[in-house]
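Order of the sequence lines sets the chain letters (A, B, ...), proteins ahead of strands, with each chain counted from 1. When reading the values below, keep in mind they use all heavy atoms of this one structure, side chains included, and skip hydrogens, waters and symmetry mates.
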Protein chains: 2
Amino acid sequence: MARAVSETHGEILAAAARRFAVTGYRGTSLQDIAGEVGCSKATVLYHFANKEALLAELMAPAIGVLRDLDDQLTGLTGTAAQEVAAQGFVDLAVRFRREIAVLRGEFPELLCQPAFAHIQQISDRLRDALAGHSDRPAARIAALVLLAGISEACAEFVDIPDDELRPALLTLVRRAVEPVDAPLPQPPTTEDKDS
Amino acid sequence: MARAVSETHGEILAAAARRFAVTGYRGTSLQDIAGEVGCSKATVLYHFANKEALLAELMAPAIGVLRDLDDQLTGLTGTAAQEVAAQGFVDLAVRFRREIAVLRGEFPELLCQPAFAHIQQISDRLRDALAGHSDRPAARIAALVLLAGISEACAEFVDIPDDELRPALLTLVRRAVEPVDAPLPQPPTTEDKDS
DNA sequence: AGCATGCCTGACCGATCGGTCAGAGCCTGA
DNA sequence: TCAGGCTCTGACCGATCGGTCAGGCATGCT
């Protein structure tokens, strides 16, 4: 054997992504990944310090984009925040469908790991932005339903091309989210920012 | 000790429901459940043939209601199917939040077990009904996003009372789902039933 | 040739999993 | 009083998990 470092490293990463997306992080053993690559379990642990490090490296690109989106969101309020959150998350979810599928369901346990310490806070801020920073329960419920539903849909619709899935999700979000400062019975004041 | 049968049986069931909802089916060991009840692991396996049977008995009520909803859906088309599916599933998800939380994420693996053989087909029909039996990708995507999002929201918003969560979800679904045979450029024919 | 370095592996480890089993303790009916 | 059934348990089992370790085997430099 004796391939180049990056080669085997990348193969393990790709195999792990495939298996994690199907059987989940917990449900996939290092033996499974090694079997798919065609190497031994010890080889997997030669290239990655442990199973958690393998997952962290797998998630790094998606987490980076999520961080960028979080930065764009700071300071925005009302419909501007809603629109940026909707576009940003839909694009992220469509692009990183496989990573989304990995986190699906195992979110609470995986978030305890140090590599994902801030994801929970970021996703909370994202949900808050999609709700237009409103504290109305209906708005917060709608935001959660949409974010979770989009994640699930992206993980499930693996056969639909990006360019078809993205606009469909975006129009759905825009229809489902009620703008916080446009068609409400109150006069269009600009005071409804985060208190 | 030596309590009445039904007493310990019920306590194990309740403890399992609590733990499964937090750490998932796979992430909860029989030892965990026994510890929460205050009995030995062998006692758990005295009352239930195996871990799978424990889960099956836990899910039985929710599955029964899901089956009833599936029956109500047969024969309905268009907006009627959409409305019944929306109301039925929102009510089911709100009532059985804990059971929904258990299935969350571990859906694909759990469905392989014989006790849940038909759930996948039922949920597929439910999604189809919510999409108004339309084959438009946008309608099918919206239906999946909403069903998955509602499940997630019910599992997460444990502190919101039923009477508040239910109407919020229902209005969200009605706003997000576009009726199949009302404001479309086609004339309102009644031929759009399942082919 | 001799040596060092990097890639890879089989064998092994302790922990934990779901599940089995013989038997202890208790209650009840004969 | 005693036999028998019900409830419950500690001890144990094989399988599998993530992870460790000494060493094999190329390759390349001196």
Side-chain angles (χ1 to χ4, degrees), chain A residues 1-59 102 105-106 109-116, chain B residues 1-59 102 105-106 109-116:
Chain A
M1 297 280 177
R3 291 163 278 197
V5 188
S6 59
E7 192 176 339
T8 306
H9 192 91
E11 283 180 20
I12 293 172
L13 218 49
R18 261 175 275 134
R19 300 287 295 176
F20 284 165
V22 175
T23 49
Y25 177 71
R26 270 248 203 63
T28 302
S29 68
L30 296 177
Q31 194 68 255
D32 292 334
I33 299 169
E36 183 142 336
V37 174
C39 67
S40 72
K41 187 182 67 172
T43 300
V44 176
L45 287 164
Y46 169 77
H47 285 279
F48 299 90
N50 47 41
K51 196 183 179 184
E52 179 184 335
L54 175 53
L55 177 66
E57 187 166 327
L58 202 62
M59 292 300 197
V102 174
E106 299 181 284
E109 300 100 24
L110 291 181
L111 289 179
C112 300
Q113 304 188 1
F116 313 114
Chain B
M1 298 282 176
R3 292 163 277 196
V5 188
S6 59
E7 193 176 338
T8 306
H9 192 91
E11 282 180 21
I12 293 172
L13 217 49
R18 262 174 275 133
R19 301 286 296 177
F20 283 165
V22 175
T23 50
Y25 177 72
R26 270 247 203 61
T28 302
S29 68
L30 296 178
Q31 195 68 256
D32 292 334
I33 299 169
E36 183 143 334
V37 173
C39 67
S40 72
K41 187 182 68 171
T43 300
V44 175
L45 288 164
Y46 169 76
H47 285 278
F48 299 90
N50 48 43
K51 196 183 179 185
E52 178 185 335
L54 175 53
L55 177 66
E57 187 165 327
L58 201 64
M59 291 302 196
V102 173
E106 299 181 285
E109 300 101 22
L110 291 181
L111 289 179
C112 298
Q113 304 188 359
F116 312 115

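- For the pair A:T43 and C:dC8, the criterion of a side-chain N or O lying under 4.0 Å from OP1 or OP2 is not met.
- Checked against D:dC17, D:dG19, C:dC8, the side chain of A:Y46 finds its nearest nucleotide in C:dC8.
- With the nearest nucleotide of DNA chain C identified for both B:K51 and B:A42, B:K51 has the one nearer the 5' end.
- Separation of atoms CG (A:L55) and CZ (A:F48) is listed at 11.0 Å; rounding is to 0.5 Å.
- Atom CG in A:L45 sits about 18 Å away from atom P in C:dC13, given to the nearest Å.
- As rounded to whole Å, 14 Å separates atom P of C:dC17 from atom OH of B:Y25.
- The CZ atom of A:F48 sits 15 Å away from the P atom of D:dT20 (whole-angstrom rounding).
- Taking atom CG of residue A:L30 and atom P of nucleotide D:dT20, one finds them 11 Å apart after rounding to whole Å.
- To the nearest angstrom, C1' of C:dC8 lies 14 Å from CD of A:E7.
- The side chain of A:S29 places an N or O atom within less than 4.0 Å of a non-bridging phosphate oxygen (OP1 or OP2) of D:dC17.
- With hydrogens and angles left out, the side-chain atoms of A:E57 and A:H9 include a donor and acceptor closer than 3.5 Å.
- Straight-line distance from the CZ atom of A:R26 to the P atom of D:dC17: 14 Å, rounded to whole Å.
- Picking from C:dC8, D:dC8, D:dG18 the nucleotide with the shortest atom distance to the side chain of A:H47 gives C:dC8.
- Of all nucleotides listed (C:dG19, C:dC17, D:dT9), C:dG19 comes nearest to the side chain of B:N50.
- The side chain to side chain contact (heavy atoms under 4.5 Å, CB included) with A:S40 is formed by just one residue from the set A:V44, A:V37, A:T43; it is A:T43.
- Straight-line distance from the CD atom of B:Q31 to the P atom of D:dT9: 11 Å, rounded to whole Å.
- For the pair B:Y25/B:E52, a side-chain contact is recorded, criterion being any heavy-atom separation below 4.5 Å from C-beta on.
- In this structure, A:K51 contributes its side chain and A:T28 its backbone to a donor-acceptor pair below 3.5 Å.
- Taking atom CG on A:D32 and atom C1' on D:dG18, their separation rounds to 13 Å, with Å as the unit.
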